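One is the number of the first residue; the rest follow in order along the sequence. Remember, predicted model here, so these are calculated numbers, not experimental data.
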Amino acid sequence: MSGSGGIDVRGVTHRIHGTTILQPIDLSLPSGKVTALIGPNGAGKSTLIRLIARIDPLQTGEVTVNGLDVRQTPSARLALEMAFMGQHSGLVSRLRVRELVAFGRWPHCHGRPGPKDRAAVEKALADFDLLPLADRFMDELSGGQAQRAHLAMTVVQETPWLLLDEPLNNLDLAHARALMAHLARLRDEGRSVLIVLHDLNFASGWADHVVAMKDGRILAEGAPAEVLTEPRLSELYDTPITVGSYQGRPLILHHL
């Protein structure tokens with residue numbers, strides 16, 4: 001892995017077909033942390049993470065990752081700094097799971113995997129409970145199994161930054177918790193994570209830093225205890241939300 005530092009977003013706006021999706025965004029994301037991006041549907045979370053990852057081109061403003069301007073840095077260089085997993089993969093279904101995961105090593109081996117690359121793939125398969133499925137075709141998997149395969153491909157890229165857009169989609173409770181625990185271990189090893197989450201208790205339990213978005217703006221950011229409060233969450237989601245406490249972390253209770 002290379003690089004150090006955080007992600008800086010300065011003056012970023014975004015419009016689609018004349019509709020403003022992001023108001024001017026200024027944001028600094030700390031390195032060595034798990035940062036959760038939360039907010040209601042349509043808040044601009046996926047748009048923001050896709051702009052940071054350079055999946056969508058910047059219209060205005062500047063984004064730097066570990067000091068590298070994403071607009072100007074060659075893709076091969078950026079692929080050593082950040083790995084992105086979106087909500088829709090669109091990959092060819094007639095790949096086997098091991099082949100898919102191995103694609104994550106491309107920035108390092110450029111299609112000529114060595115012993116280190118093969119070992120990294122096998123470790124990722126084990127970490128995401130995929131070894132029994134390694135020789136299956138992707139279109140033979142359940143939604144949750146396919147999600148884990150794409151997560152393994154992203155993690156095996158071994159970048160300083162992981163950008164994950166709603167990675168808990170399709171995962172059952174055990175695998176969702178296992179993913180968050182795995183991300184926490186990667187953080188403890190010095191990697192940085194930006195993750196879009198809808199489950200506020202996963203954000204509370206595992207994130208170090210929380211960014212709350214609404215209507216294309218940053219409503220609040222800070223430690224979970226600072227952001228996940230009753231007034232802020234009730235304003236964020238336009239519904240009454242009760243917040244308790246469990247093991248020193250906020251516990252979010254939705255009204256029935």
With distance as the sole test, does Thr73 use its side chain to make a donor-acceptor pair with the main-chain N or O of Leu78 at under 3.5 Å? no
Is the backbone of Arg249 close enough, under 3.5 Å, to the side chain of Ser204 for a donor and an acceptor to pair up by distance? no
How about Arg177: does its CZ atom have over 12 heavy atoms from other parts shown lying under 6.0 Å from it? no
Donor-acceptor under 3.5 Å (Lys45 side chain, Met213 main chain): no
For Arg191 and Thr159, indicate whether the former's side chain and the latter's backbone hold a donor-acceptor pair under 3.5 Å. yes
Testing the basics here: between Val101 and Ala124, what is the closest heavy-atom pair and its distance to 0.1 Å? CG1-CB, 4.2 Å
Heavy-atom donor-acceptor pair, Asp69 side chain to Arg71 backbone, under 3.5 Å: yes
Give the minimum heavy-atom separation between Leu183 and Val34, together with the two atoms involved. O-CG2, 4.1 Å
If you look at every heavy atom in Gln23 and Thr20, which pair is closest and at what distance? NE2-CG2, 3.8 Å
Roughly how far, to the nearest 0.5 Å, is the CG atom of Asp127 from the CZ atom of Arg148? 12.0 Å
Does Ile241 offer a backbone N or O that forms a donor-acceptor pair with the side chain of Ser234 under 3.5 Å? yes
Interatomic distance, Ile16 atom CD1 to Thr19 atom OG1 [nearest 0.5 angstrom]: 8.0 Å
Sub-4.5 Å side-chain heavy-atom contact between Asn66 and Pro160: yes
Would a distance-only check, ignoring hydrogens and angles, find a side-chain to backbone donor-acceptor pair under 3.5 Å from Gln87 to Glu166? no
Between Gln157 (side chain) and Pro107 (backbone), is there a donor-acceptor pair under 3.5 Å? no
Between Arg105 and Glu158 (salt bridge meaning N to carboxylate O under 4.0 Å), is one present in this structure? yes
From Glu62 atom CD to Asp8 atom CG, the distance as rounded to the nearest 0.5 Å: 8.5 Å
From Asn201, Ile195, Asp199, residue fulfilling side chain to side chain contact (heavy atoms under 4.5 Å, CB included) relative to Leu197: Ile195
